[in-house]
Engineer: 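My questions all concern the structure below.
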Amino acid sequence: MNTIITRFPPSPTGYLHVGGARTALFNWLYARHTKGKFVLRIEDTDAARSTQASVDAIFEALEWLGIDWDEGPYFQSQRYPIYQEHIDKLIQTGNAYYCTCSPERLESMRAKAMATGKNPKYDGTCRGKDLPKSEKAVVRFKAPLTGTTLLEDVIKGNIVFQNDELDDFIIARSDGSPTYNFVVVVDDITMQINTIIRGDDHVMNTPKQILLYQALDAPLPVFGHVPMVLGKDRSRLSKRHGATSVTAYRDMGFLPEAVMNYLVRLGWSYGDQEFFTKNDLIEKFSLKNIGRAAGIFDQEKLTALNADHIQATPPEKLAHLLLPFLEKSGIHAKPGAFLVKIVKTLVQRSKTLEEMAQAASFYFAETIIYEEKAARKFLKPAARQALQFLMDALSTIETFTEENLENAFKSVMEKTGLKLGKIAQPVRVALTGKTASPGIFEITEIIGKEKVIQRLKQAVTYIEQITE
RNA sequence: GUCCCCAUCGUCUAGCCUGGUCCAGGACACCGGCCUUUCACGCCGGCAACAGGGGUUCAAAUCCCCUUGGGGACGCCA
């Protein structure tokens, strides 16, 4: 086989959504797996809806995901001369013609056809007229009236279309601009794209495009149509199902590798394996294992996978990635050994970076604000003495080590006759304000002698106040 | 309405092509238990599916047909 050349052709009319990202991933992965080429092309022929902001957003999302491209980005809006050339060619060869039917008449025909149970297609009014180029004329492709067109889909298998179901679709608008089905084919031919993996929703476009390839006398690429991504209610994924843009997941604290892993695994499988790194994916991805059924986007599974990827990421790297999330909650932390220690206590307890930042906040707090339930349950008179004893014991320790701390707690256990559990919880609340946290020795060490004693003191004072 | 696609636990899926090893395996979620200074992690166990009906066959989740259900496409959008 020759070099595989795939492409991703988003239209810049919004952010990159997870469905689009998934097809980008399939194409990119296939190119990388086969040591082929991946081309990025921006389909901005709809001047009214395309924006530079969307173009930027798409680049940003692709880069975040770790998808790079070997060629492009090409912009269709800059390729009009090429399209014009091909339109002229089709007219010359008799494969296309000018049509002056008004949009209004077409629209009413369509409505009528649908209402009467007919296939809404162009009736061919101008097909045989051989009209000259004129102000308001569009260009239509002259599609065959009979016969069949075969789509040999690598994912779905063979699909046969009756040509009489197709119609003479428009390839150039009245203002001269080319339309989608046409530019896609011209681009894919001229960019030598030989493998097209795209969403299911393009299946019905494919016979038209195949006809165009034939009329343009170009070899057919390999087509593979992947099933769609659906929302919880099995309808097409949209905003009302929750976040759909790739960058939204970035902002919620998901790792790019987790999103990549999840998206690819949704509709593709490799035996029972669930966890994949980027390199795993490149190594193992194949078109063969793409499923045929649509899949539902499940944020819970993504979240679980994200937790796995967090655990697989070196703490040093996580610390760096955590910074913006800490910043967002008003914590100006610095990267370094201190933060790495903190991260290490939190990896097992955080499913997202956002969660991790939340969980880390007590390490940085000036004063601890107690959760009401936590304080009520543990900061009671019965705990006062233990806290006081611990304070005394800790103040004699030079440097906090796990061993030191354990001894200090032991001495408090002996003096009070309380079990560790009875002591640890009030201390936990004193140090974190909450009933759940990383190990008590760990956090004590990280928070440090000065602050620990300060917080214990605060707790003792609190207990004294409420007892009055 | 017309055309096209799809159909295994709630969800993602393995198995289907090359029928028997499947009274269907894994993962997420959920429910128990263990571990334990809390919460997590981890470990152990549990719940839970071949949409229905016909064929073909000694034998069907696997092959064929129909029904049903779901999705998609029918633009001078992409």
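Below, chain A is the first sequence line, B the second, and so on; all start at residue 1. In this text the structure is predicted, and so the values were computed from the model without any measurement.
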Engineer: Distance from A:Leu211 atom CG to A:Leu216 atom CG, nearest 0.5 Å?
Structural biologist: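 One gets 11.5 Å once the value is rounded to the nearest 0.5 Å.
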
Engineer: May I ask you to say what A:Tyr262 touches in the nucleic acid, namely base, sugar-phosphate or nothing, with a heavy-atom cut-off under 4.0 Å?
Structural biologist: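 Answer is nothing: A:Tyr262 stays at 4.0 Å or more from every strand.
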
Engineer: What's A:Thr45 touching, base or sugar-phosphate or nothing? Going by heavy atoms closer than 4.0 Å.
Structural biologist: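 Since only primed, P, OP1 and OP2 atoms lie under 4.0 Å of A:Thr45, the category is sugar-phosphate.
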
Engineer: Quick check on RNA chain B: between A:Gly421 and A:Ile159, whose nearest nucleotide comes earlier from the 5' end?
Structural biologist: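 Upstream on the strand: A:Ile159.
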
Engineer: Verify side chain to side chain donor-acceptor pair (under 3.5 Å) between A:Asp280 and A:Tyr270, making sure each step is shown before the conclusion.
Structural biologist: CA-CA 10 Å; A:Asp280 270 343; A:Tyr270 190 78; over 6 Å; no

Engineer: Using the P atom on both, measure B:rU18 against B:rC64 and round to a whole Å.
Structural biologist: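 Those two atoms are separated by 10 Å.
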
Engineer: What does A:Glu274 touch in the nucleic acid at a heavy-atom separation under 4.0 angstrom: a base, only the sugar-phosphate, or nothing?
Structural biologist: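 Counting heavy atoms under 4.0 Å across all strands, the contact made by A:Glu274 includes a base.
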
Engineer: If B:rA24 has a Watson-Crick or G-U wobble mate with both distances under 3.5 Å, name it; if not, just say none.
Structural biologist: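 B:rA24 is unpaired by these criteria.
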
Engineer: Counting distance only, does the side-chain N/O of A:Arg173 pair as donor-acceptor with the main-chain N or O of A:Pro178 below 3.5 Å?
Structural biologist: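 Looks like yes, one N/O pair under 3.5 Å.
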
Engineer: Mind checking who B:rU68 pairs with, Watson-Crick or G-U wobble, both distances under 3.5 Å?
Structural biologist: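 For B:rU68, the partner nucleotide comes out as B:rA7, under the 3.5 Å rule.
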
Engineer: Could you tell me whether A:Cys99 contacts a base, only the sugar-phosphate backbone, or nothing, with contacts defined as non-hydrogen atoms closer than 4.0 Å?
Structural biologist: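 It contacts nothing in the nucleic acid.
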
Engineer: Within the structure provided, determine whether A:Phe441 and A:Thr401 are in side-chain contact (heavy-atom separation under 4.5 Å).
Structural biologist: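 A:Phe441 does not reach A:Thr401 side chain to side chain.
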
Engineer: Please name the nucleotide paired to B:rA60 by Watson-Crick or G-U wobble geometry with both distances under 3.5 Å, or report none.
Structural biologist: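 Partner of B:rA60: none found under 3.5 Å.
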
Engineer: For A:Leu321, check side-chain contact (heavy atoms from CB on, under 4.5 Å) against everything at least two apart and list the hits.
Structural biologist: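 In terms of side-chain contact (heavy atoms from CB on, under 4.5 Å), with neighbours along the sequence ignored, A:Leu321 is linked to A:Leu255, A:Lys317, A:Leu353.
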
Engineer: Work out how far the C1' atom of B:rG25 is from that of B:rC41, and round it to whole angstrom.
Structural biologist: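 Straight-line distance between the two C1' atoms is 25 Å.
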
Engineer: With both distances under 3.5 Å as the test, what is the Watson-Crick or G-U wobble partner of B:rU2?
Structural biologist: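 Checking every strand shown, B:rU2 finds its partner in B:rA73, with both distances under 3.5 Å.
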
Engineer: Let me know, please, whether A:Ile155 or A:Gln348 comes out on the 5' side of the other along RNA chain B by nearest nucleotide.
Structural biologist: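 So the residue in question is A:Ile155.
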
Engineer: Between residues 296-310 of chain A and RNA chain B, which residues have a heavy-atom gap below 4.0 Å?
Structural biologist: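 Under 4.0 Å from RNA chain B: A:Ile296, A:Asp298, A:Glu300, A:Lys301, A:Ala304.
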
Engineer: Within the structure shown, what part of the strands sits under 4.0 Å from A:Pro227 by heavy-atom distance: base, sugar-phosphate, or nothing?
Structural biologist: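 Nothing, no nucleic acid heavy atom in range.
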
Engineer: With a non-hydrogen cut-off below 4.0 angstrom, is A:Glu107 in contact with a base, only sugar-phosphate, or nothing?
Structural biologist: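 Answer is nothing: A:Glu107 stays at 4.0 Å or more from every strand.
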
Engineer: For RNA chain B, note the earliest and the latest nucleotide, 5' to 3', having some atom under 4.0 Å of a heavy atom belonging to chain A.
Structural biologist: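 In short, chain A contacts RNA chain B from B:rG1 to B:rA78.
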
Engineer: What nucleic acid atoms does A:Gly439 come within less than 4.0 Å of, heavy atoms only: base, sugar-phosphate, or nothing?
Structural biologist: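 Base contact.
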
Engineer: Quantified in whole Å, what is the P atom distance between nucleotide B:rC23 and nucleotide B:rC31?
Structural biologist: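 It works out to 31 Å between them.
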
Engineer: Less than 4.5 Å apart, any side-chain heavy atom of A:Leu62 and any of A:Leu16?
Structural biologist: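 Yes, at least one pair of side-chain atoms sits under 4.5 Å.
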
Engineer: Do A:Leu65 and A:Val259 come close enough that some side-chain heavy atom pair is under 4.5 Å?
Structural biologist: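 Side-chain contact under 4.5 Å: yes.
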
Engineer: Searching all strands shown, indicate the nucleotide that pairs with B:rA78 (Watson-Crick or G-U wobble; both distances under 3.5 Å).
Structural biologist: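 None - no nucleotide pairs with B:rA78, as no candidate has both distances under 3.5 Å.
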
Engineer: Might you work through the ring pair (Phe, Tyr, Trp, His ring centres under 6.0 Å) test for A:Phe276 and A:Phe285, ending with a clear yes or no?
Structural biologist: CA-CA 10 Å; A:Phe276 297 86; A:Phe285 183 78; over 10 Å; no

Engineer: Under a 3.5 Å limit for both distances, which nucleotide forms a Watson-Crick or G-U wobble pair with B:rG45, could you say?
Structural biologist: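 Partner of B:rG45: B:rC31.
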
